[in-house]
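Computed from a prediction, not measured in an experiment: that's the story for all the values here. Counting from 1, the numbers follow the sequence of the chain as shown.
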Amino acid sequence: MHLHKDFFIYCIFGAMATLVNMLSYELLYAHLGLPNTPAVALAWFLAVTFAFFTNKYIVFREKGKKNRHRITAELLYFYFCRAASGLLDVIIMFVAVDVLDLNHTLWKFISNLAMGICNYLAGRLFIFAKEK
């Protein structure tokens with residue numbers, strides 16, 4: 001039951017991170033005219049920064065005082081794991097928008113769904129795994 005509660009909370013904050021990602025991308029790409037790939041990368045960075053703090057303190061409820069080395073390691077590992085899904089985002093968006101000329105908003109949403117699944121599994125299984 002606890003795993004389902006964590007997943008539900010993750011979905012809420014994952015939706016918020018998706019919103020940060022999609023709105024940032026829309027602003028950068030459609031309104032400011034930034035090319036697709038840099039807009040995807042910057043939106044990803046903003047969403048990942050938001051996601052780290054919400055995942056750490058709200059979704060996986062990290063408590064207690066940890067040493068700086070442990071927190072820095074978690075942050076770097078979080079960005080490293082998210083870099084894999086960020087690469088997936090760039091590839092999906094490059095093919096969909098730049099190569100196939102498909103709707104950027106629809107494909108940004110689809111890409112975020114794929115990233116969300118990958119990111120939850122990485123967070124649950126590796127980044128914020130409970131110490132035994």
Open item on the list: Between Thr18 (side chain only) and Gly14 (backbone N and O only), is there a donor and an acceptor less than 3.5 Å apart?
Closed with: yes
Task: Distance, nearest 0.5 Å, that separates CG of Leu32 from CD of Glu26 - done: 10.5 Å
- [ ] Give a yes or no on whether Val48 and Leu34 share a hydrophobic cluster (residues Ile, Leu, Val, Met, Phe, Trp, Tyr; joining criterion: side-chain heavy atoms under 4.5 Å apart).
- [x] no
Open item on the list: If you define the side chain from C-beta out and look only at heavy atoms, does anything of Asn112 sit under 4.5 Å from Met115?
Closed with: yes
Task: Cluster check Val40, Leu28: I/L/V/M/F/W/Y, side chain < 4.5 angstrom - done: no
Open item on the list: Is there a continuous path of hydrophobic side-chain contacts, each under 4.5 Å between heavy atoms, that joins Phe45 to Phe52?
Closed with: yes
- [ ] Establish whether Leu46 and Leu76 are linked, either directly or via other cluster members, by ILVMFWY side-chain heavy-atom contacts under 4.5 Å.
- [x] no
Open item on the list: Checking the side chain of Ser85 only, and the main-chain atoms of Arg82 only, is there a donor and an acceptor separated by less than 3.5 Å?
Closed with: yes
Open item on the list: Taking Asn21's backbone N and O only, do any of them form a donor-acceptor pair with Ser24's side chain (distance below 3.5 Å, no angle check)?
Closed with: no
Open item on the list: Return the CH2 to CG distance between Trp44 and Leu88, rounded to the nearest 0.5 Å.
Closed with: 12.5 Å
- [ ] Identify whether Ile58 and Met16 are in the same connected component of the hydrophobic contact network (ILVMFWY, side-chain heavy atoms under 4.5 Å).
- [x] yes
Task: Any Met93 side-chain heavy atom under 4.5 Å of Tyr25 side chain - done: yes
Open item on the list: Can you confirm whether His31 is buried at NE2, in the sense that more than 12 heavy atoms of other residues, nucleotides or ligands lie under 6.0 Å from that atom?
Closed with: yes
Open item on the list: Holding to side-chain contact (heavy atoms from CB on, under 4.5 Å), I want the full list of residues that pass it with Leu19, two or more places apart in sequence or in another chain.
Closed with: Leu23
Task: Minimum-distance pair of heavy atoms, taken over all atoms of Ala114 and Ile92 - done: CB-CD1, 4.4 Å
Task: Which atom of Thr37 lies closest to which atom of Phe94, heavy atoms considered - done: OG1-CD1, 4.3 Å
- [ ] Please test Thr49 against Tyr79 for side chain to side chain contact (heavy atoms under 4.5 Å, CB included), starting from the C-alpha separation and ending with a verdict.
- [x] CA-CA 9 Å; Thr49 302; Tyr79 275 96; 2.7 Å; yes
Open item on the list: So, taking the atom named SG in Cys118 and the one named CG in Leu87, what distance separates them when rounded to the nearest 0.5 Å?
Closed with: 11.0 Å
Task: Chi angles and distances behind the side chain to side chain contact (heavy atoms under 4.5 Å, CB included) call for Asn36, His104 - done: CA-CA 9 Å; Asn36 183 47; His104 70 274; 5.6 Å; no
Open item on the list: Quick check for you: to the nearest 0.5 Å, what is the distance between Thr54 atom OG1 and Ile12 atom CD1?
Closed with: 11.5 Å
- [ ] Ignoring hydrogens and angles, tell me if any N or O in the side chain of Trp107 forms a donor-acceptor pair with the backbone of Val95 under 3.5 Å.
- [x] no
- [ ] Might you point out which heavy atoms bring Pro35 and Tyr29 nearest each other, and give the distance in Å?
- [x] C-CD1, 4.0 Å
